[in-house]
Visitor: 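Sharing a structure with you now.
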Protein chains: 2
Amino acid sequence: MAKVTLKDIAREVGLSVTSVSLVLNNRPCKVSETSRRKILEVARRKGYVPNQIARSLVMQHTDTIGLIIPNIESRFFASLAKNIELKCRERGYALIITNSDDSPENDSKLVRLLVNRGVDGLLIVVSDEFATDERLVSDLSQLPTPYVMVDRFIEGLPCDKVRFNNELGGYLATRHLIERGHERIACIVNPRSNTGRERLDGYARALGEQGIAVRADYVLGSDYYIASAYEAAARLIETDATAVFASSDNIALGLLKRLYAHDLRVPRDYSVVSYDNSAADVLFEPALTSIEQNVPELSQAALDLLFRRIAESEAGELGGPDEVVLDPKLVLKDSVRRLD
Amino acid sequence: MAKVTLKDIAREVGLSVTSVSLVLNNRPCKVSETSRRKILEVARRKGYVPNQIARSLVMQHTDTIGLIIPNIESRFFASLAKNIELKCRERGYALIITNSDDSPENDSKLVRLLVNRGVDGLLIVVSDEFATDERLVSDLSQLPTPYVMVDRFIEGLPCDKVRFNNELGGYLATRHLIERGHERIACIVNPRSNTGRERLDGYARALGEQGIAVRADYVLGSDYYIASAYEAAARLIETDATAVFASSDNIALGLLKRLYAHDLRVPRDYSVVSYDNSAADVLFEPALTSIEQNVPELSQAALDLLFRRIAESEAGELGGPDEVVLDPKLVLKDSVRRLD
DNA sequence: CTGAAAGCGCTAACAC
DNA sequence: GTGTTAGCGCTTTCAG
C-alpha cells in the first residue's frame, strides 16, 4: 500500500497514462482486452489507489460533504451525524463532521474551512438562531457551494431548509394528555429557541381547543440541558399540575431526575410526555410516551435536497429555496396514566 | 465569496502568480512594500480563499486527520470525537470523523477511504478487538500514513497505541468498595472485550489482596449496551451482593434502570461504583461514584503521538511503536454507603 | 525585487 | 486501439 501512481503503472505495462486511467476508471473506451487485463493485473499487484486530491483538482469536485453541528455530544445530533455519515458513504461521499461548540463565530469559521477544502455541499445546524453572526450571513448568502440548513434557522436568510414541525409536536403531546383526562398540564420549554417557542405554540393550541386556559405558572422555561431542566422542575412540583409536557430529551431527563429525588413516580404522580424519545426511552422505567422525530427521515430529506442542489449547480441553474417540513409523531409508552 | 484564483489577483495587480503566492503566504521574500500592499488589498477585496485541494496536491499534505470510531452515538466516543476535533482545529487541522458501525469490514474500508483522501494521519478505534479483519491488518501493517490506535487494539499488530489502564480502573473501583466495608461485591463486565477483561482482572486483584475469593455468581457478563446490562442486573438481584462494580457507563445505566424497576435504591440497597461517569453522573440521583477516564487527556495523548509521527515521517525516519497508558481515577460521589 | 517554468497526479480533448 | 497535450490551482526552484 505504498504510494503508486498512474505513471508507475503505465511505465510497467508499457502503455500511456491515458489508457491506464481509462481502464482503471472503466470508462467506455477501446483498449484491447489484453492491455486491459495487464493494466488491471499490475494495478492490483502494486496496490494502486487513486489519489483523490489530484482527481478532485481536475474534476472540480471532492465527493465530500461537510456537516456543521453545534454539539456532537448531544444524542440528537450524534444520531443525526451518524445517519448522515452512513447515507453519504452509501452514495460514495465522505462526510467531514465539525462541531461548532454552540458558537456562532465558529459556524462562520467552519463554513469557510469546509468550503476551502472543496466540499461539494454543506449541511448546517446553526448554533444560535438569534445571536446571528453577521459574517456568517454574508458568507452564506453568496456561497458558491450548495448548502441546506437543518433543524434550526437564521431569520431572514432565504435558503434551503429541512426541519420538523415543532408546533405539531407540541400539539400532539398536549392533546394526548388532554385525551387521557388531564387538564392541569404544565410544560417545560426552551423559550430561547425557535423549536421551543413553536412547541409551546402547539401546547397552547391544544389547550385552547378544549377551552383550557394557559396558566403562566405552568409554563416553565429551561435550556436544552439536563441541569437547567432539573431547576425548572423544582418549580413544577410546587404547582398542582398532574401532567407535564417535557419538550426535549434533556428536559425530560432533568425532570425525571428531580422527580426521583423527591420520590415522585411516573406515571403515578405525574404523567409525562417527552420529546425525542431516544435517550429517555432506554434509560427509564417506565418507558416514556413521547413525540418522536425520525432522524433517518430528517437526514434523508436533508441529503436528498442537498444532492439535488449539487446536481443542479453542476448542471447550470438551480431553483429557488425550498423548505421541507417533517411531521413528528406520538409514540405511546407507559408514562401517561388515565385520569378519571 | 465566488471563486477567485491566484492568477486573477496577479492579473489585476499586474504582477506574477509567484509574487502573489509569496506575499499571501507571507513567506520571507523581497517583494516591495507597495506591491505587497496592493496584493493584499486586491486579495481582500475579491475575497480570495486559497484552494486547499491544489495546495494539498503540491504540498503533499492536507492538514487533515482522519478518525475512525465504532459508534458516534456512544457518549464516550462522541466526547472523544468532539475533543479531538477541537484540538485538531486549534492546530490548524481539519478532522474527518467516520463511523464504522461496529463493523470490522468498515474499519478497513474507512482506512482506505481516508488514506485515498490524503489524510496526514489516522486515529483508529477498532470496532472489534477479536474478530480481526485480515485485510485491515495487512493494510495497516504497510500503511504509508502514520496512525495510532486508540482505546482498543488488534492483537499482534505492532503500532502506536494510546489507552487507559483498565486493570487499574477495576482495581480502584473494587478496592474502594472494600474500604467502605463491603465484601459481597459483584461486578458486571463485558467479557468480549479487552477492556472488560482487564477491568475484571483489577476487580479480582483487589479482592485477592484482601483474601476475598472471587465468586462465580458475582461475575456477570454484559455487552456495552444498556439493554444487555439490564438483563445481567436481573441475575444480580438474585444474589446477596451488597455492592456492585458496574464496569461501564451503559452498564451502570442498565443496572440502575433494573434497580429502579424493582424499587431498589442506591446506595440504600446497593452501593455502586460506575465507570466513565459522563452520563450517569448528570442523569441520576444520587450521583454515581465512578472511575473516570479523562477523555481530553486521552485525545491529547493520541494527538501528541500522532503529530510526532507525522513530523517524523515528513522528516525522514520514524521510531518504533510507542504505547502510552493513562491512569483512570476514582471520583467520589454518593452511590456508595459505608457498611458497618 | 520579480517572473518563467516545472511539476504535484490525474482527466479529457483530440490526434495518430 | 493508443499516445500527446493541455490543463486543474498552487508552490518552488532558479534566472533575471
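Letters go in sequence order (proteins before strands), and every chain restarts at 1. In this text, all values refer to a predicted model and were calculated from it rather than measured experimentally. Values below: every heavy atom of this structure, side chains too, minus hydrogens, waters and symmetry copies.
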Visitor: Look only at the side chain of B/Asp160 and the backbone of B/Asp322, and say whether a donor-acceptor pair between them is shorter than 3.5 Å.
Guide: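 Confirmed, B/Asp160 side chain pairs with B/Asp322 backbone.
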
Visitor: Would you say the side chains of B/Asn99 and A/Glu85 form a donor-acceptor pair under 3.5 Å?
Guide: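 Per modelled atom types, B/Asn99 and A/Glu85 side chains form no pair under 3.5 Å.
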
Visitor: Please determine, by modelled atom types, if B/Ser127 and B/Asp102 share a side-chain donor-acceptor pair under 3.5 angstrom.
Guide: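 No, B/Asp102 and B/Ser127 have no side-chain donor paired with an acceptor closer than 3.5 Å.
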
Visitor: With sequence neighbours excluded, give me every ring pair (Phe, Tyr, Trp, His ring centres under 6.0 Å) pair touching residues 80-118 of chain B.
Guide: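 The answer is B/Tyr93-B/Phe307.
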
Visitor: Across the strands shown, which category fits B/Ser56 at heavy-atom distances under 4.0 angstrom: base, sugar-phosphate, nothing?
Guide: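 Counting heavy atoms under 4.0 Å across all strands, no contact is made by B/Ser56.
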
Visitor: Run the salt-bridge test on B/Glu41 and B/Arg45 with the 4.0 Å N-O cut-off and return the result as yes or no.
Guide: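 Salt bridge flag = yes for B/Arg45 with B/Glu41.
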
Visitor: Spell out, as yes or no, whether a donor-acceptor pair under 3.5 Å connects the side chain of A/Asp120 to the backbone of A/Ile65.
Guide: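 A pair under 3.5 Å: no.
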
Visitor: Could you run through nucleotides 6-16 of chain D and give me one letter per nucleotide, 5' to 3': B if any protein heavy atom sits under 4.0 Å from the base, S if only the sugar-phosphate is that close, - if neither?
Guide: -BBBBBB----

Visitor: What are the bounds, 5' to 3', of the part of DNA chain C that sits under 4.0 Å from heavy atoms of chain B?
Guide: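 Terminal contacting nucleotides, 5' to 3': C/dC1 to C/dG9.
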
Visitor: Distance only, no hydrogens: is a donor on one side chain within 3.5 Å (strictly under) of an acceptor on the other, for B/Arg55 and B/Asn25?
Guide: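 B/Arg55 vs B/Asn25: donor-acceptor pair found between side chains.
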
Visitor: Judged by modelled atom types alone, do A/Arg117 and B/Thr64 share a side-chain donor-acceptor pair under 3.5 Å?
Guide: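 Their side chains do contain a donor-acceptor pair, which is all the 3.5 Å distance test asks for.
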
